[in-house]
Peer 1: 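Mind having a look at this structure? Questions to follow.
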2 protein chains.
Amino acid sequence: MPELPDLTVFAESLQKLVLGKRIERVVYDRKQQANAEPQALAAAMQGRKLTAVERVGKELLFKLDSGESVLIHLMLTGGFRCSQRQEQVAFAVLTLLFNDGQALVAFDPKGWLKVALNPDLSERAPDALDVTREYLEGMFDKKPKTVVKSFLLDQQSIAGIGNAYADEILWQAKISPKSLVGKIPKDVVAKLALAIPSVLKQATDYLRKHHPGITAGEVRDFLAVHNPKAKTSPSGGPIIVEQIASKKTYYTDEQILFK
Amino acid sequence: MPELPDLTVFAESLQKLVLGKRIERVVYDRKQQANAEPQALAAAMQGRKLTAVERVGKELLFKLDSGESVLIHLMLTGGFRCSQRQEQVAFAVLTLLFNDGQALVAFDPKGWLKVALNPDLSERAPDALDVTREYLEGMFDKKPKTVVKSFLLDQQSIAGIGNAYADEILWQAKISPKSLVGKIPKDVVAKLALAIPSVLKQATDYLRKHHPGITAGEVRDFLAVHNPKAKTSPSGGPIIVEQIASKKTYYTDEQILFK
DNA sequence: ACGACTAACATAGA
DNA sequence: CTCTATGTTAGTCG
């Protein structure tokens, strides 16, 4: 559920809380949804210090002083919680117990959370913050009939955007979510390339300011159009709600349909 | 998606729902995937009554009281829906509005659904229910090096079998899906000729009983081996899952490999 | 020439 | 949220 802005703040929060602490014990027993055996994962982390927590697309990368790293995807319902001592956290999937008695818990009520030891990050799609106009043009030429909303959501094309920010970005760029990418004029593609980082950075700044320290959940109440409480966009366009690409989509007729 | 048993029940369901009704209006605008202009198709159907709905291979043939007919292939994701009045059906491709206010809609999210006016049915491969031992022997002699699973899936060789029922038939006949057709002994070819209609008729009976009236989708949960939930075949053989002929294939080592 | 394999496609369901 | 199954056809590789 959390997308790029939320996860960016999660990473910053966690970095403050756990950086440089030594991992004394690892509790992890789920075999599903991991690329390594529980023992291997525990062995890699135990006794190590965390040197960085970074966002990679919709995932967080925990770097260890051994040079190894652990990548966590929270999926739909996962989150992190930092707790004093070994308090029981509901739906804990992975627990790191530090030398100072604190703990970092990755939890997930649905149990879908994914853990990867030493992931291969070389083959990944560009992060949403790094997307350029040239990249979009190239991708749009390759598969011109893709619906633009689907394109933004495809993590193999751009990493970090989910259902909510896709709507925000398309509203900002004034492109209808149903547009076909091949039909979007060059100058509008340029506008989209600007809107992607712009919307995401603005949201990140908002979260940093109003929700510093968050490590779980999502904040959506400030969004312009992807917002059940809003009746109109900030510029007054009535918000249309519709299922597009199998996702609940909020948009307005201020957004041009290229088809 | 649907195969012979599903489509047989679709045809029966639709026949009950629409037979003898007069078509008042036809809504169809897609030019792609049809052998006739939209206007010609609409003209042929408007004002006509449906006299029969029959399955032909993996397609349904809608016969009109004019002697003309329309053939529809649902492809991967298509289906039919009967609706009261003109309710909006998502991904509608062809809509027939009847004199009693009911409607028959052929829909397809991918838009691949194929429509043919007055198709030529004379050059078709035999329907899976009509296949004989002699026919198989003749075909197997002509191209002896064909993998048997590919053969069953080839609509130019036998019409009506898809990925799921190919696995069911081969399990029933105790033939490994990787067998080369030229290497299958005569008595086993005879067994296969029996298994093809037997498996398909049994499945059709099951669907008629447990899912009467279906006009879309597919039911697969009752299959013996092509079934992700089953660990073993009904006779206890552990199920092997493998990509064969570019298709996900379920089989067991109870099935003999002729190679 | 022949067969085998791949890519393309959009959604539902797990 | 992500992954996978799914049928056909066109095109490529051996």
Side-chain angles (χ1 to χ4, degrees), chain A residues 1-4 6-7 32-33 57-59 72-79 108-114 116 125 142-147 149-151 153-157 159-166 178 180-182 218 243-248, chain B residues 1-4 6-7 32-33 57-59 72-79 90-91 93 107-114 142-157 159-167 178 180-182 216-221 223 226-229 241 243-250:
Chain A
M1 213 99 133
E3 304 182 30
L4 187 149
D6 313 278
L7 288 160
Q32 0 89 301
Q33 300 293 30
K58 287 192 195 175
E59 292 158 276
I72 295 184
H73 195 310
L74 296 176
M75 301 296 283
L76 194 52
T77 56
D108 181 16
K110 284 214 201 292
W112 295 352
L113 183 150
K114 281 195 275 189
K142 254 194 267 177
K143 298 191 176 184
K145 282 182 287 186
T146 309
V147 172
K149 168 120 186 191
S150 302
F151 176 83
L153 293 177
D154 177 13
Q155 304 300 305
Q156 263 71 49
S157 300
I161 302 172
N163 194 34
Y165 286 101
K178 294 191 228 176
L180 305 185
V181 296
E218 69 193 6
Q243 208 76 4
I244 298 174
S246 309
K247 305 278 182 185
K248 190 160 213 173
Chain B
M1 213 108 126
E3 304 182 30
L4 187 150
D6 312 276
L7 287 161
Q32 1 88 298
Q33 299 295 28
K58 287 191 193 173
E59 292 160 274
I72 296 184
H73 195 311
L74 297 176
M75 299 299 281
L76 193 51
T77 55
F91 308 110
V93 175
F107 65 89
D108 182 15
K110 275 209 201 294
W112 294 356
L113 184 150
K114 282 194 276 188
K142 253 194 268 177
K143 298 189 175 187
K145 282 182 287 186
T146 308
V147 171
V148 65
K149 168 122 186 191
S150 303
F151 175 83
L152 291 179
L153 293 177
D154 177 14
Q155 304 301 305
Q156 263 71 47
S157 300
I161 302 172
N163 194 33
Y165 286 101
D167 289 353
K178 294 191 231 178
L180 305 185
V181 296
E218 71 194 4
V219 185
R220 292 287 143 84
D221 49 16
L223 299 184
H226 190 97
N227 190 336
K229 283 176 198 154
V241 185
Q243 209 78 4
I244 298 174
S246 310
K247 305 278 181 186
K248 190 158 216 173
T249 300
Y250 297 73

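Every chain is numbered from 1 and lettered A, B, ... according to where its sequence line falls, protein lines coming before strand lines. In what follows, every heavy atom counts, from backbone to side chain, and hydrogens, waters and symmetry copies are set aside.
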Peer 1: Looking at every strand, decide which applies to A/V147 at a 4.0 Å heavy-atom threshold: base, sugar-phosphate, or nothing.
Peer 2: nothing
Peer 1: Which whole-number value in Å describes the distance from B/D167 CG to D/dT6 P?
Peer 2: 9 Å
Peer 1: Can you check the B/K145 NZ to C/dC5 P distance for me, whole Å?
Peer 2: 14 Å
Peer 1: Round to a whole Å and report the spacing from NE2 of B/H226 to P of D/dT4.
Peer 2: 15 Å
Peer 1: Is the closest side-chain heavy-atom distance between B/K143 and B/V181 below 4.5 Å?
Peer 2: no
Peer 1: If we only count heavy atoms from C-beta on, is the B/E59 to B/L7 side-chain gap below 4.5 Å?
Peer 2: no
Peer 1: Please report the closest heavy-atom contact between B/L113 and B/D108, naming both atoms and the distance.
Peer 2: N-OD2, 2.8 Å
Peer 1: Please report the distance, rounded to the nearest Å, between CG in B/D154 and P in D/dG7.
Peer 2: 14 Å
Peer 1: Among the candidates C/dA10, C/dA4, C/dT11, find the nucleotide nearest to the side-chain atoms of B/K110.
Peer 2: C/dA10
Peer 1: What contact category does B/S246 fall into here, base, sugar-phosphate, or nothing, at under 4.0 angstrom with non-hydrogen atoms?
Peer 2: base
Peer 1: Between C/dA4 atom P and B/K178 atom NZ, what is the distance in whole Å?
Peer 2: 14 Å
Peer 1: When the distance from CG of B/L76 to C1' of C/dA10 is rounded to whole Å, what number comes out?
Peer 2: 9 Å
Peer 1: Check every strand shown and say whether B/N163 touches a base, only sugar-phosphate, or nothing at a heavy-atom separation below 4.0 Å.
Peer 2: sugar-phosphate
Peer 1: Between N or O atoms, less than 3.5 Å apart, protein on one side and nucleotides 8-12 of chain D on the other: list the pairs.
Peer 2:
unit_1, atom_1, unit_2, atom_2, d
D/dT8, OP1, B/H73, NE2, 2.9
D/dT8, OP2, B/K58, NZ, 3.0
D/dT9, OP1, B/K114, NZ, 3.0

Peer 1: When you measure from the side chain of A/E3 to the backbone N and O of A/Y165, does any donor-acceptor pair fall under 3.5 Å?
Peer 2: yes
Peer 1: Kindly indicate whether the side chain of B/L180, heavy atoms from C-beta on, has any atom under 4.5 Å from the side chain of B/T146.
Peer 2: no
Peer 1: Using side-chain heavy atoms (C-beta onward) and a distance below 4.5 Å, is B/K58 in contact with B/Q155?
Peer 2: yes
Peer 1: When you measure from the side chain of B/D6 to the backbone of B/E218, do you find a donor-acceptor pair of N or O atoms at a distance under 3.5 Å?
Peer 2: no
Peer 1: Rounded to the Å, how far apart are B/L74 CG and C/dA12 C1'?
Peer 2: 16 Å
Peer 1: Just how far, in rounded Å, is C1' of C/dG3 from NZ of B/K142?
Peer 2: 16 Å
